[in-house]
Amino acid sequence: MTELLDVLRTLFTDPFGLIDLPIRQWITDAIGWIVSNFRGFFRTYVSPPVRGVMELSQWALRTLPPGVMLIAVFVIAWRAASWKVGLFSAVAFAFIGFMGVWDALIVTLSLVITAVLFSVVIGLPLGIISSRSDLFYTIIRPILDIMQTTPPFVYLVPAVMLFSIGNVPGLIATIIFAMPPIIRLTNLGIRQVQTQYIEAALAFGSSPREILWKVQLPLAMPTVMAGLNQTIMLSLSMVVIAAIIGAGGLGLEVYAGLERLNIGQAFVGGIGIVLLAMVLDRITQGLGERGPGGRNGKAD
Amino acid sequence: MIRVEDISKIFGADPETALGRLREGGTKAGIQAETGQIVGIDRASFALDPGEVFCIMGLSGSGKSTLIRCINRIIEPTAGRILFMDPELGEQDVTAMDGEQLRRLRTYHMSMVFQHFALFPHRTVHANAVFGLEIQGRDKAERDRVGAQVLEMVGLGAWGKAYPSELSGGMQQRVGLARALATQAKVLLMDEPFSALDPLIKVNMQQELVRIQQELERTILFITHDLDEAMRIGDRIAIMEEGRIVQIGTPEEILVNPRTDYVANFVEHADPTAVITAGTIAVPFSEATFILHEERAGLRYYRRRDDGEDGDIRYCIDADGRFHHVVLGERAVEPGRMDTTAPAATGASVRGRNEEVLRCGPATVLRDVLRARVRSRHPVVVTGEDDRFEGIIDEPALVHAILEKRGQPTTEPPVSGDAREAHA
Ligand SMILES: Nc1ncnc2c1ncn2[C@@H]1O[C@H](COP(=O)(O)OP(=O)(O)O)[C@@H](O)[C@H]1O
Ligand SMILES: [Mg+2]
């Protein structure tokens, strides 16, 4: 009888003492297992393409004379959004250059481009599959939730363990962190296409593939673009954090500035990041509004 | 062209049970309350002849959209058979087709027009019109040619580069029609194509469709909830109630002889003048209504029984039963053929009407008879094949036709639902 009372009392005073979940140990073991068994695989098969794309884009951006690049930024932003956005983008880039961190901008931009490219190449097909298979989406959804809600710092440790330090582990962590929105919104965009359009496509004999390419994807475009926008923003924020594990660019300016208590350097890096974020945001938003389905996706 | 045999559609998890209930005589509402399943269509059967415009009519929720979608299997029927007959392909069982055969059927032989147009908003008008041709795999030159041709046909030749959102509702549906015509499919499935349009535009589109149909002779299954529309363009009409087809007939048959109260309610407010024909409303030439007045020189002179001895119109028929002429008082008059294209003489007073006697065929619609009667003060003579005298249309017959929407009281009265139950 007294034993029962004891247990009851502990239930209220110290319930967590009753059970000890060794999650910490499990995860450590799991990561350790992955690292010891797959490190070779990751370093031989995952690193090189990521590094290759990053180096290629960095080389291309560096080779372009800054003046030409400013004009290119203006034209891209103008075509994607409006001449106002074009002007703003060119001025913002020039300002970053005048602050003396042009090279850091190039590095960050190439990291973002690489991370977004991989996120889209992997995320878009996963989004399409999700939209066609409820089972697949049910399985993938909790994984996406975990990927998105895990604090970005948490990715850094296993990334370092697998790829050591530098740009590549930063990129891998970024790709994982930034991919969920493009998957989610591609899935959502396709599922939201009204049945009347699917019926019309079916009635004229379209195959599932024709329906996807001629009807669903074009009509889902504004939503997919919103996903792309989020992916770009997330990858930019992650690329900055990745400076902790040795990624370069504007994030490194901030990180190094903080470490040396050089507030000026940190702020220059910070301003550069904010301006870059605004430019990328305006451009992708412009793309979304201009997307073919955006014309009149809601026509009854 | 198409034969639909006992098609049923149950929306629900356990259609077999619901089908069983239907066979036992269960109603849609009863089955829904009992099994939670919805009866979309309850054993519908009908056949479309080549070149025919067949209308399906019914209240909202009666299963029209479900039925038309079963025919190209955008909705999978639960039971029954659909046959597609084609001079080239022979008879094909649509319900037994696999995915590939079905796609071919939809690509080449059936096309569809939707109530809310369902134009692809990301495609231009031209790209919408040639969508089916793209699926057929036609090259660009041919798509451009046929696209321009069909857009021209629906009066949108100049709009190819516009987007659907830049067009009015009526114009959008013209694009929908062009898209369906472009594939050269012989069967056109149209689900309330004009219901979303303003009344004036709607009438306009109906005339357009009739014109195009005369030119192209497609077989059209046309759904509507508007009886006047069905009567205007349908060769035959099927009326649906709660998933069931309750009556099939020509517009006139349905108007004159509605089989149930539901149908009678539908036709109550219909405009009879475009549907009811002279043959139906005429006082028929028979023993009961006419009497031989005299026989002279091989010709027989009849007068209306009701007119009595002093009736001053006599109808003269020759030995072969052909209509010959009319005698007004002492004067013989050769009846003139009705000119149905002449405008109604709106200003004519009763006294201003002339002495001519008019004659028409049994298929002439009531509207044209009325128009002619404004000019002439005498009954209209109805003659059939070989000039056979079929009867006359006098004023009481006209009034009766308009008010009662049916022929002479001597024709069989319609069987109402109540009456049937009373008999049973
Ligand atoms: N996908 C569906 N699931 C369940 N019930 C449906 C579905 N589609 C139609 N129905 C039901 O079937 C009946 C017929 O609908 P419908 O064919 O759209 O009628 P109509 O076109 O004549 O207005 C209605 O009772 C409707 O609620
Ligand atoms: Mg409907």
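Computation of the quantities below employed the complete heavy-atom set of this structure, encompassing side-chain atoms and omitting hydrogens, waters and symmetry-equivalent molecules. Within every chain, numbering begins at 1; the chains are lettered A, B, ... in the order of the sequence lines, protein sequences first and strands thereafter.
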Note to self: Would you say that more than 12 heavy atoms from the other residues, nucleotides or ligands in this model lie under 6.0 Å from the CZ of A:Phe136, or not?
What the structure shows: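 Yes, enclosed.
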Next item on the list: Please indicate whether B:Arg104 has more than 12 foreign heavy atoms, meaning atoms of other residues, nucleotides or ligands, lying under 6.0 Å from its CZ.
Entry: no
pair [X]-[Y]: side-chain heavy atoms closer than 4.5 Å:
{"X": "B:Pro15", "Y": "B:Gln37", "result": "yes"}
{"X": "B:Phe222", "Y": "B:Gln213", "result": "no"}
{"X": "A:Thr108", "Y": "A:Ile273", "result": "no"}
{"X": "B:Leu209", "Y": "B:Val53", "result": "no"}
{"X": "A:Leu219", "Y": "B:Pro121", "result": "yes"}

For the backbone of [Y] and the side chain of [X], can you confirm whether one donor and one acceptor N or O come within less than 3.5 Å of each other?
{"X": "A:Gln148", "Y": "A:Ala178", "result": "no"}
{"X": "A:Gln192", "Y": "A:Ala220", "result": "no"}
{"X": "B:Lys64", "Y": "B:Met57", "result": "no"}

Margin query: Which atoms of B:Arg179 are under 4.5 Å from chain A, going by heavy atoms: the side chain, the backbone, both sets, or neither?
Written below: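 Both parts, heavy atoms under 4.5 Å.
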Notebook entry, point to check: Which residues in residues 201-214 of chain A have a heavy atom less than 4.5 Å from any heavy atom of chain B?
Noted result: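 Within residues 201-214 of chain A, the residues under 4.5 Å from chain B are A:Ala201, A:Leu202, A:Ala203, A:Phe204, A:Gly205, A:Ser206, A:Ser207, A:Pro208, A:Glu210, A:Lys214.
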Item checked: For chain B, which residues of residues 84-91 of chain A have heavy atoms nearer than 4.5 angstrom -> none
